[in-house]
Every structure is written in structure tokens, then in C-alpha cells.
Amino acid sequence: MQRILVSACLLGRKVRYDGRAKTSSDAVLAGWRREGRVVPFCPEVSGGLPVPRPAAEIEGGAGGASVLAGKARVLASDGSDVTDAFLSGARAALAAARAHGVRVAVLKEGSPSCGALSVYDGTFTGRRAPGQGVTTALLESHGIRVFTEDQLPEAASYLRTLET
């Protein structure tokens with residue numbers, strides 16, 4: 001049985017920067033939970049950041065690959081550099097995925113860790129830029145396919161191809 005790494009906030013855990021969850025009520029995710037496939041994970045908390053915490057964005061909206069390459073930082077809204085925590089959390093997510101044989105992840109879109117299609121642009125004005133979060137970039141560079149919470153049917157379809 002294939003396991004799926006899922007952002008803990010989508011599963012109702014209050015781990016987001018604002019101390020809230022972003023619970024998904026999607027039937028696909030509920031089915032995976034019933035089947036015991038879900039591996040809950042929050043890279044930011046695993047990287048050592050508290051809940052709640054200041055919002056963070058990748059400077060210049062550069063994307064996770066730039067952070068992994070040392071060409072961009074993750075900065076909190078209070079000006080602190082939280083890059084090391086994001087890198088540590090991404091590495092912990094990869095380790096958890098490997099430990100569970102994960103080949104598919106469903107992560108919270110827009111997050112500087114988990115965004116798969118876009119991240120906030122680093123200005124803390126609510127604008128997004130195309131790109132991936134730090135964890136998504138690391139997972140995908142190691143062959144783990146990442147989907148957003150709005151792509152659960154696509155994730156389920158891809159998962160079926162892995163099980164045939």
C-alpha cells in the first residue's frame with residue numbers, strides 16, 4: 001500500500017503560522033485516512049519553528065530551489081532569517097517520506113515550505129509568484145510527486161498508476 005505525505009494543517013492540526021489549521025474535508029483525503037495511508041507532517045514545526053509564529057516568505061518570491069541552492073533566504077515578517085528552520089524541516093520531510101516509502105505528497109498551496117504551484121512573493125502584501133516551497137522543491141528533486149490540496153483527484157489518479 002502506497003503511503004501519502006500530507007501537510008498536517010490539512011488534517012486539522014493547528015500548526016500554521018497563525019496557530020490555525022486549514023482542514024480539508026475532501027472525500028479522497030478522508031478515504032486515504034481511513035485506509036491508513038496518510039503520513040501527517042509539518043516541515044515548519046519539524047524544523048523547530050513555534051506555533052504561532054510570524055508569517056514567512058521566500059525573499060523575492062524566488063522559490064524553494066533557490067533556497068536549497070543558497071541563493072535566497074526565507075524571512076519572517078519580523079525581519080528574522082528562518083532559512084535554517086525551513087531547510088531543516090524540508091530535510092525532515094524527506095526523511096519521513098523515505099522512511100514510509102512515500103512517492104506522493106499533498107501539501108498546502110502557497111506555503112513557503114509546501115507550495116507546489118506558487119509561493120508568496122516576499123513582500124508580505126498577499127501577492128503570489130509562481131514557484132515551489134522549500135519542502136516541495138526538495139521532495140520533487142528526489143522523485144516524490146507533490147500535489148496541492150486542490151489537486152486531490154489528480155493525486156489519486158497518479159497514486160493508482162503507482163499501484164498497478
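Small disclaimer: the values here were computed from a predicted structure and weren't measured.
- Other residues sharing a hydrophobic cluster with Leu117 under the 4.5 Å side-chain heavy-atom criterion for ILVMFWY residues do not exist; the residue is a singleton.
- Here the shortest heavy-atom pairing between Ala137 and Ala65 reads CB-N, 3.7 Å.
- Closest of all the heavy-atom pairs between Val134 and Ala90 is CG1-CB, 3.9 Å.
- With sequence neighbours excluded, no residue satisfies salt bridge (Lys or Arg N to Asp or Glu O under 4.0 Å) with Glu154.
- In this view, Gln2 satisfies the side-chain hydrogen bond (donor to acceptor under 3.5 Å, both in side chains) rule with no residue, not counting sequence neighbours.
- Here the closest heavy-atom approach between residue Gly19 and residue Val51 is recorded as CA-CG1, 3.6 Å.
- Scanning all heavy atoms of the two residues, the minimum distance from Gly133 to Ile58 falls at CA-CD1, 4.4 Å.
- Cluster membership check: Phe41 shares its hydrophobic cluster with Val146, using side-chain heavy-atom separations under 4.5 Å among Ile, Leu, Val, Met, Phe, Trp and Tyr.
- Note on residues 51-71: pairs passing side-chain hydrogen bond (donor to acceptor under 3.5 Å, both in side chains), not counting sequence neighbours, are Glu44-Arg53, Glu59-Arg73.
- With a 4.5 Å cut-off on side-chain heavy atoms, Pro112 and Val119 do not count as touching.
- Here Phe147 is tied into one hydrophobic group with Ile4, Val6, Leu10, Leu11, Val28, Leu29, Trp32, Val38, Val104, Val106, Leu152, Tyr158, Leu159, Leu162, each link being a pair of ILVMFWY side chains closer than 4.5 Å.
- The main-chain N or O of Lys108 is never found under 3.5 Å from a side-chain atom of Ser111 such that the two would form a donor-acceptor pair.
- Of the inter-residue distances, the one linking Leu87 atom CG with Ser113 atom OG reads 9.5 Å to the nearest 0.5 angstrom.
- Scored by the side chain to side chain contact (heavy atoms under 4.5 Å, CB included) test, Arg160 finds Ala156, Ser157 as partners (sequence neighbours excluded).
- For Ser80, the side chain to side chain contact (heavy atoms under 4.5 Å, CB included) partners at least two apart in sequence or on another chain are Ala76, Asp78, Val82.
- Note on Val45: it does not cluster hydrophobically with Leu5, by side-chain heavy-atom contacts below 4.5 Å among ILVMFWY residues.
- Residues in residues 6-23 take part in no side-chain hydrogen bond (donor to acceptor under 3.5 Å, both in side chains) pair, two or more places apart or across chains.
- Within the structure, every pair that satisfies the side-chain hydrogen bond (donor to acceptor under 3.5 Å, both in side chains) test and touches residues 83-93, not counting sequence neighbours, is listed here: Asp81-Thr83.
- Within the hydrophobic cluster formed by Ile, Leu, Val, Met, Phe, Trp and Tyr side chains joined at under 4.5 Å, directly or through other members, Leu75 stands alone, with no partner residue.
- No single ILVMFWY cluster, assembled from side-chain heavy atoms under 4.5 Å apart, contains both Val15 and Leu49.
- Between the side chain of Arg3 and the backbone N or O of His100 there is no donor-acceptor pair closer than 3.5 Å.
- Residue pairs meeting the side-chain hydrogen bond (donor to acceptor under 3.5 Å, both in side chains) criterion with at least one member in residues 119-140, sequence neighbours excluded: Ser118-Arg128, Tyr120-Arg128, Asp121-Thr123, Asp121-Arg127, Thr123-Thr125, Gln132-Glu140.
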For this session: Output, in order, the C-alpha distance, side-chain angles, deciding distance and verdict of side-chain contact (heavy atoms from CB on, under 4.5 Å) for Gln151 and Glu109.
Result: CA-CA 10 Å; Gln151 297 174 315; Glu109 182 55 26; over 6 Å; no

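- We find the CG-CZ distance between Leu138 and Phe86 to be 14.0 Å, quoted to the nearest 0.5 Å.
- Other members of a hydrophobic cluster containing Met1 are absent, since no ILVMFWY side chain comes under 4.5 Å of it, directly or through relayed contacts.
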